[in-house]
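Chain A is the first sequence line, chain B the second, and so forth, proteins listed ahead of strands; every chain is numbered from 1.
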There are 2 protein chains.
Amino acid sequence: MSIETDIKQKKFRSPFQKLALNLMYTTKWLEYKQLESFKEYDITPQQYNVLRILRGQQGNPIKVSDITERMLDKSSNTSRLVDKLLAKNLAKRTSCESDRRAVDVVITEDGLALLQVLDPFIEDWENRFNIISEEEAEQISALLDKLRENENQA
Amino acid sequence: MSIETDIKQKKFRSPFQKLALNLMYTTKWLEYKQLESFKEYDITPQQYNVLRILRGQQGNPIKVSDITERMLDKSSNTSRLVDKLLAKNLAKRTSCESDRRAVDVVITEDGLALLQVLDPFIEDWENRFNIISEEEAEQISALLDKLRENENQA
DNA sequence: ATACATTTAATGTAGAAACATCTATTAGCG
DNA sequence: CGCTAATAGATGTTTCTACATTAAATGTAT
């Protein structure tokens, strides 16, 4: 369905305004789809994001602050997200020896197992993007990178 | 800055995964920029979205449920958003005569004045998109529309 | 070494989002 | 008409977010 229909707006000030609204609308829609898939596994997209970062470490511990750096949403409270994963036995937390302020976080077997269950959902979710070519995907990615570039504006 | 740098992930499973993450990351970034601009005017992006919908009615009242239909975030609680606007005298609420369950909402002079103040911020914000042509913007909008189309998947 | 600033993570708090429930009104149908 | 279902919007509740503050450990400069 077109963005015009979805938000019942017939005219836009410019193709740029339309794209801006479409980006926000489509992303919310994607996130909602993700949330729906995850619901029965009692995990939020944010918690999933942390889990995937932990898995990406291949068994090596990672500090809370380094998790934050890798998150899609930098303003999220990583401490409390890790708390949630701990409570569900999806991650372990040990104090870091070289810097006792820091805390090392590692994914558990349960965490890895859950990710394996979720992987097919994510793959299906990503397969939506197959309607465009890989080149187009790269091209849009490059454009999004550019959008965030000119920090001087706005 | 590239998405690779921003979320410190060197490799992606596919250009599609990269695009998915980039969409979510960039949209959060855009929303954050908007939030920042609006902060000194004590209005949230969601409230702004409602206000703009009200202005779009050109003085005609609109029901709460119709506002929801036009919102970017359909799951937001429009009742309470309207409450907030009322408290700030940015909108008026009168009960609808033809259907006494419904409620008519109209933007006030204060609301219109605030939007006029915010307009330049939004224009600057949208001008970020000038790095691409109008045709490209339309093209990407069309791709995003398509993404949301195949409801059968995922 | 001491004092002060910085970093790291946890916590407190107000407000917002997500979701279910409730109330009033209207619609539909026998 | 009288009954049940559907709709509109408000409200309750739990969880999450955004932002500020705190506490402990480390860095740094004199």
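Between the side chain of B:D145 and the main chain of A:I3, a donor-acceptor pair closer than 3.5 Å is present. B:N49 places a side-chain N or O within donor-acceptor distance of the main-chain N or O of B:L72, the cut-off being under 3.5 Å. Listed for the A:K8 side chain is no donor-acceptor partner under 3.5 Å among the backbone atoms of B:M71.
Regarding A:D42, its CG atom lies at a distance of 14 Å from the C1' atom of D:dC16, rounded to whole Å. Atom-to-atom, CG of B:D83 to P of D:dA10 comes out at 6 Å; the value is rounded to the nearest Å. As a whole-Å value, the separation of B:E36 CD from D:dC19 P is 9 Å. D:dA10 atom C1' lies 16 Å from atom NZ of B:K63, rounded to whole Å. We find that CG of A:D66 is positioned 8 Å from P of C:dT8, with the value rounded to whole Å. Atom pair B:M71:CE and D:dG9:P shows a separation of 14 Å (rounding to whole Å applied).
Linking ILVMFWY residues whenever their side-chain heavy atoms come closer than 4.5 Å, directly or via other members, leaves A:F12 and A:M1 in distinct clusters. Under the 4.5 Å side-chain heavy-atom criterion for ILVMFWY residues, a single connected hydrophobic cluster contains both B:L90 and B:Y41. B:M24 and B:I7 fall within a single hydrophobic cluster, where Ile, Leu, Val, Met, Phe, Trp and Tyr side chains are chained together by heavy-atom contacts under 4.5 Å.
At least one side-chain nitrogen or oxygen of A:S79 sits closer than 4.0 Å to the OP1 or OP2 atom of C:dA10.
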Dump the pairs, protein N or O against N or O of nucleotides 3-6 of chain D, anything under 3.5 Å, distances to one decimal.
none

### Query
Nucleotide by nucleotide, 5' to 3', does protein get under 4.0 Å of the base (B), only the sugar-phosphate (S), or neither (-) in nucleotides 12-22 of chain C, counting heavy atoms?
BB--SSBB---
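The residue from B:N89, B:L54, B:L86 that alone fulfils the side chain to side chain contact (heavy atoms under 4.5 Å, CB included) condition with B:T108 is B:N89.
Here B:L35 sits in one hydrophobic cluster together with B:Y32; the rule is ILVMFWY side chains under 4.5 Å apart, joined directly or through other members.
Sorted pairs that involve residues 60-97 of chain B and meet ring-ring contact (aromatic ring centres under 6.0 Å, His included), not counting sequence neighbours, are lacking altogether.
Counting non-hydrogen atoms under 4.0 angstrom, B:S65 reaches the backbone sugars and phosphates but no base.
Legend: residues meeting salt bridge (Lys or Arg N to Asp or Glu O under 4.0 Å) with B:D6, ordered by chain and number and at least two apart, are A:R148.
For residues 85-100 of chain B, proximity to DNA chain C is found at B:D99, B:R100, defined as any non-hydrogen atom under 4.0 angstrom from a strand atom.
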### Task
Report the C-alpha separation of B:K88 and B:Q47 in whole Å, then their side-chain angles, then the decisive distance to 0.1 Å, and conclude whether the side chain to side chain donor-acceptor pair (under 3.5 Å) test is met.
CA-CA 11 Å; B:K88 287 182 272 198; B:Q47 289 169 25; 2.6 Å; yes
